[in-house]
Amino acid sequence: MNCSRGLKYSILLFFVVLISGELFSQVVKRIEPPFWFTGMSEKTLQLMVYGEQISTYDVTCNVPGLISGIIKTENPNYLFIDLVIPDDIKTNIVKFDFFKNKKIIESINYEFRLKSADKNRNKGFNNSDVIYLLMPDRFSNGDSKNDNSLQVLEKTNRSNPDGRHGGDIKGIKNHLDYIKDFGATTIWITPLLENNQPKYTYHGYAISNYYKVDPRFGTNENYVELVNEAHQKDLKIIIDVVLNHCGSGHWWMSDLPATDWVHQYDGFTRSNYRSEVVQDPYASKIDKSLQNDGWFDVNMPDLNQENKLLATYLTQNTIWWIEYAGIDGVRLDTQPYSDKDMVAAWAKRIQDEYPNLTIIGEAWLQEIAHTAYWQKNTINFDGYSSNIPVVTDFPLHYAIEKAFSEEQSWTDGVSRLYYILSQDFLYDNPMNTIVFLDNHDLTRIFSSFNKDINKLKLAIAFQLTTRGIPSVFYGTELLMEGFSHEAHGLMRKDFPGGWPDDIINGFAPQGRSDEQNEIYTYYKNILEWRKTKQVIHSGRLVHFIPENNIYVYFRYNDNECVMVVLNNNITPQILKTNHFSEMLNKYKSGFDIISKSEIQNLQELKLPAKAAMIIELKQ
Ligand code: CA
């Protein structure tokens, strides 16, 4: 950053800009975004300037015509400066003078960096990718010096399941090879931005500064280094963005830019978390308003994205991180809880600027009809399109959770998988769904399966061969356990071996139990195989109504065909395959990639008990 000081008009002027937007100056306390970029396709920028009575100052800029407008709110401590950035801007530092009575009281330098010219920088991800989801506080502590940063209220206490445990960016960096070797291609890291509150901050979803990495995770520069190193290893990075709420410890909560910046109530008012009301033709006003405008939690005030200044602030913030760090994908938290028109405009603006980047929306809903509504270009009753191409498939998650623990009936057991997929016509693009066994908000799948390793193997085989983009929650490959009803912190236990004093090291095979190695290897082998299998990435899907507790489906394209058989019976079965002849008639033999064995007779398959077969068919 530029650092210079000067005496001018007998007033000390400070030109020190911190990357988090804070300024050590007398009048202007903050400018956000802290810097911006030239060469963007969108030429406008709106600066939020914060300082005592700042709206009573006049502002000029040394670049004529750069300022296109000044907006004031009812709070005199804020000033919003609209800029239009010319393509041929000559300087990378512009100067804003703040006047009172025609006298310059303060001058602030503002930096423009060049937008990266690398067209392959923000890669995006698709069905050929596999996501690894991790929570930075719980993955690995690479730097114990930042555990008890003086800048933050909550210090590290590893004995508290809901406390900070000290994991950080350095820890992720140290274990990129583990993630790559496992077979994931893309890392979704839950929010890394500052959460400066007295407690329950480790999860990162109560952001107190939108431009600053939490010091317990590291610095903004550390984050950029992580992204660069991941890219060098051919791994992609997804940023987790929260538009719906901020943290109650956010610096603006004590002096809101506008009274409608957050939804305010006489007493604490919680969201009802029922996003179905958005489409419900019979929804009451109170239910709709609570869903959208209620607070997410006592420490998570609900932001009002209908306020245009806030909408611009949040949109620019996402763009800033993408450009600053070179990010490949965005995961939007709590998609249905924000103003949906703002979200659609946000997503459009991001994709206009970064056409290759991929956005996932967390549409946490029970039903497919409700979920599909939130995917881009779905034909909706009200004409709405979210502009978000990928959505999380919670209905399929709930089906997976039950499918392998029940006997099959018309609707139960593996029939659940069949019925969920049979409703894929509701999506604009069912391939653009995230397929997950568990995540950071759900009971760990190994606990849901009552520690049955065979159920888990069936679920993994399904996850990695059905349509969609698989996402693996850290530790699922090591049989980590935890029930959501006990405590969220218990579903998000520390990755064994991630801390210098850990006795067990799950990052290495010799540190894992036999059962852990069995699942790790099972996952890894299918992931390795999947990596080059276009037929799984983008091939068509045909499935057959489950019978006798067995679910059979095929993935195929012009060149290849893969048959997947999920035998949910606890005994071995003989499967006569004449019922599948429409798919099988071209093929004579196959190779089961799970047992690594040739299959000479496709007429009658010998199915191992409670197990999957993934058969590459051969002509
Ligand atoms: Ca640490």
Side-chain angles (χ1 to χ4, degrees), residues 18-20 132-180 187-230 233 235 237-240 242 247 249 299 321 324-325 327 440 473-475 478 480 482 487-508 511:
L18 287 184
I19 204 162
S20 57
Y132 192 80
L133 159 63
L134 64 82
M135 299 199 88
D137 183 63
R138 302 302 168 90
F139 188 61
S140 173
N141 189 358
D143 180 5
S144 42
K145 290 197 293 296
N146 61 24
D147 291 0
N148 294 303
S149 165
L150 292 173
Q151 302 168 48
V152 291
L153 298 170
E154 188 185 13
K155 310 299 178 199
T156 291
N157 176 9
R158 234 184 134 190
S159 63
N160 175 3
D162 291 326
R164 298 292 298 207
H165 289 188
D168 48 37
I169 290 171
K170 183 77 178 10
I172 302 169
K173 224 168 126 188
N174 290 346
H175 295 292
L176 289 175
D177 286 338
Y178 170 82
I179 296 167
K180 190 174 169 67
I187 310 172
W188 155 21
I189 305 166
T190 56
L192 284 161
L193 299 184
E194 184 195 83
N195 276 225
N196 195 7
Q197 313 210 134
K199 60 179 183 182
Y200 203 63
T201 67
Y202 75 91
H203 55 71
Y205 289 97
I207 295 167
S208 57
N209 187 332
Y210 278 93
Y211 283 97
K212 186 182 178 189
V213 163
D214 193 291
R216 290 160 292 198
F217 291 141
T219 62
N220 288 13
E221 290 80 5
N222 293 154
Y223 182 50
V224 177
E225 288 158 19
L226 170 70
V227 177
N228 288 339
E229 196 156 327
K233 294 179 187 292
L235 290 164
I237 299 286
I238 298 174
I239 192 170
D240 201 332
V242 193
N299 61 344
W321 280 107
Y324 171 64
I327 290 154
H440 58 308
F473 185 35
Y474 81 97
L478 296 188
M480 279 171 77
H488 273 190
L490 294 173
M491 293 149 16
R492 305 158 174 175
K493 286 184 193 133
D494 301 342
F495 193 103
W499 275 249
D501 51 350
D502 282 357
I503 299 161
I504 292 170
N505 179 17
F507 289 110

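Counting convention: from 1, in listed order, for ligands and their atoms alike. We use all heavy atoms of the structure for the numbers below, so side chains are in, but hydrogens, waters and symmetry mates are not.
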I'd like the atom name of the N/O/S atom in [X] lying closest to the Ca ion (ligand 1).
X      : answer
Asp147 : OD1
Asp168 : OD2
Asp143 : O

Open item on the list: Angle between ring planes, Phe507 versus Tyr178, binned at 30° and 60°: parallel, tilted or perpendicular?
Closed with: perpendicular
Task: Geometric class of the Phe495/Phe139 ring pair [parallel <30°, tilted 30-60°, perpendicular >60°] - done: perpendicular
TODO: Tell me whether the centres of the aromatic rings in Tyr132 and His175 are closer together than 6.0 Å.
DONE: no
Has [X] got an N, O or S atom lying less than 3.0 Å from the Ca ion (ligand 1)?
X      : result
Asn146 : yes
Thr156 : no
Lys170 : no

- [ ] May I ask you to decide whether Arg216 forms a salt bridge with Asp214, counting only side-chain N to carboxylate O separations under 4.0 Å?
- [x] yes
Open item on the list: Does the structure place the NZ or CZ of Arg164 under 6.0 Å from the centre of the six-membered ring of Phe217, at an angle of no more than 45° from the ring's axis?
Closed with: yes
